[in-house]
Amino acid sequence: MNFIDGVCPHCQGKLQLPDDRQTVICMYCGKEIVIADSQQNTSDESVAVQPVAMDKVKEALHALVYDIDDPMEHFKRTTYMDFFNQYLYEHAAHLATLENAYLANPKDAAMLEEASESLISKIDEQLCATKARKREVLRMDMNLCMVVYVFPAILEYNTNSSKAWIEALTSTWKKHFPKSEIHPATAKEIDAGFKRRFCFISTAACEVLGKGDDCYELNLLRTFRDQYLLKSDDGEALVNEYYDIAPTIVKHINKLEDAGQIYEEIWAQYLTRCVQLIEKGENEACVALYQEMVWNLKEKYFYQ
């Protein structure tokens, strides 16, 4: 079987279609496609796209964030791509709504801004209504949701509106959360760079302590992981074990009332000491402390 490029005539989603079929179901909008129709020039400006009501646009955007079943549970090296593909399938109609709203009037920046503001304002209000100790943890969860599900889904849809929606969302996020940066990446990029990009427990602790994702301590720990631990005997196995269990540990800590205090203790007991050992060149001692941290946190929080 060979595949050909096509475009859904209903939602304009770009598709890979089997050349031995006459019809298929669009993975984005769920409508039946006659493959011959998908080969027509859908960029023809004479093809009118019906306007989409603003409440439908907002509803679609909100669903991308809030209609996710336990995203942290599946954000693991071994399960992320399967869960993301299921997420993409389940939200195909919402992505099609965003695309059609843009195609109806590509120059309507106000529509993009209003819809983005509706979503980010809701997140902001939810954070403001959350107790101080849990607020940073929730913000981190929302940040993660945007970066590893919403943005990759919009990019995977790969339509005319992808860039415009991401620019509107990142700009609005920055306006509400000036100290928090979110950057778009595809699901394949996230999966390929899983070990390199994410350092769950230390990132969670830094968020609670008000340190940015690009702070000195996180960069030092990541460099140690990539330049020393991954190149040492059994180092890769240790890192892989960490990335299999750390998201669950963070998830279980985040459910606790004293999550902020727990992260402060992790920072003081383990991470600050790891940083000090790295600075002194005592790499083996840092590895031992790293293993102790993972073992203790697993025993205490993994099985809750």
Side-chain angles (χ1 to χ4, degrees), residues 65-66 68-84 87 126-127 130-149 180 190-191 194-213 215 217-218 220-222 224-225 229-230 234-278 285-304:
V65 174
Y66 287 100
I68 303 179
D69 183 19
D70 204 354
M72 281 297 294
E73 175 68 22
H74 301 281
F75 187 54
K76 302 175 184 175
R77 178 177 55 87
T78 54
T79 59
Y80 169 65
M81 281 304 297
D82 286 342
F83 184 75
F84 172 76
Y87 167 86
Q126 184 179 358
L127 289 168
T130 303
K131 293 180 180 179
R133 282 191 171 181
K134 300 285 285 184
R135 190 175 301 143
E136 285 302 315
V137 173
L138 177 60
R139 186 172 67 80
M140 184 180 67
D141 286 346
M142 288 297 183
N143 187 310
L144 184 74
C145 182
M146 294 292 292
V147 171
V148 304
Y149 294 108
S180 174
I190 291 171
D191 189 52
F194 211 82
K195 289 182 290 189
R196 182 178 70 254
R197 293 174 183 272
F198 302 103
C199 198
F200 300 97
I201 295 172
S202 51
T203 298
C206 284
E207 287 277 357
V208 169
L209 291 167
K211 296 178 179 288
D213 184 65
C215 69
E217 292 88 350
L218 277 180
L220 184 67
L221 290 167
R222 287 165 179 156
F224 173 77
R225 174 195 58 203
L229 188 56
L230 283 172
D234 300 324
E236 185 170 359
L238 287 173
V239 173
N240 285 339
E241 179 186 11
Y242 174 83
Y243 282 93
D244 283 337
I245 67 173
T248 298
I249 291 172
V250 169
K251 170 191 161 186
H252 289 166
I253 291 175
N254 289 353
K255 290 180 178 180
L256 301 175
E257 286 295 324
D258 58 344
Q261 181 180 342
I262 292 170
Y263 285 124
E264 289 175 2
E265 292 171 355
I266 292 171
W267 179 261
Q269 185 175 356
Y270 298 112
L271 298 177
T272 297
R273 291 168 59 199
C274 278
V275 168
Q276 292 169 348
L277 290 170
I278 294 169
C286 182
V287 172
L289 183 58
Y290 167 91
Q291 290 177 291
E292 178 186 333
M293 178 188 74
V294 174
W295 188 87
N296 287 341
L297 294 179
K298 179 180 179 181
E299 286 294 308
K300 194 168 185 179
Y301 300 110
F302 185 80
Y303 301 103
Q304 288 189 3

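Please read these numbers as outputs of a predicted model, since none were measured by experiment.
Of the inter-residue distances, the one linking L220 atom CG with Q276 atom CD reads 11.0 Å to the nearest 0.5 angstrom. Once rounded to the nearest 0.5 Å, the distance linking OG1 of T203 with CG of N143 reads 10.0 Å. In this structure, L209 CG and E264 CD are separated by 5.5 Å, a value rounded to the nearest 0.5 Å. Rounding to the nearest 0.5 Å gives a distance of 5.5 Å between CG of L221 and OG of S202. I245 CD1 to L297 CG: the interatomic distance, rounded to the nearest 0.5 Å, is 8.5 Å. Distance CD1/I278 to CG/L289: 9.5 Å, rounded to 0.5 Å.
Of all non-hydrogen atoms in K211 and W267, the two that sit nearest each other are CE-CZ2, 3.5 Å. Of all heavy-atom pairs spanning C145 and V65, the tightest one is SG-O, 3.7 Å. Taking each heavy atom of V148 and Y80 in turn, the nearest pair found is O-OH, 2.7 Å.
In terms of modelled atom types and a separation under 3.5 Å, the side chain of R273 and the main chain of Q269 share a donor-acceptor contact.
Evaluation of the ring-ring contact (aromatic ring centres under 6.0 Å, His included) rule for Y87 yields H91, Y149 as partners, not counting sequence neighbours. Among residues two or more places apart in sequence or in another chain, the side chain to side chain contact (heavy atoms under 4.5 Å, CB included) test is passed with Q126 by Y66, L138, M142. Residues passing the side chain to side chain donor-acceptor pair (under 3.5 Å) test with Y270, sequence neighbours excluded: N296.
Between L229 and Y290 the shortest side-chain heavy-atom distance falls below 4.5 Å. The shortest distance between side-chain heavy atoms of E257 and K131 falls below 4.5 Å. A heavy-atom distance below 4.5 Å is found between the side chains of I253 and I266. Counting only heavy atoms from C-beta outward, the side chains of Y301 and T248 never approach each other to under 4.5 Å.
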Audit row: L271, E217, side chain to side chain contact (heavy atoms under 4.5 Å, CB included) steps and yes/no
CA-CA 9 Å; L271 298 177; E217 292 88 350; over 6 Å; no
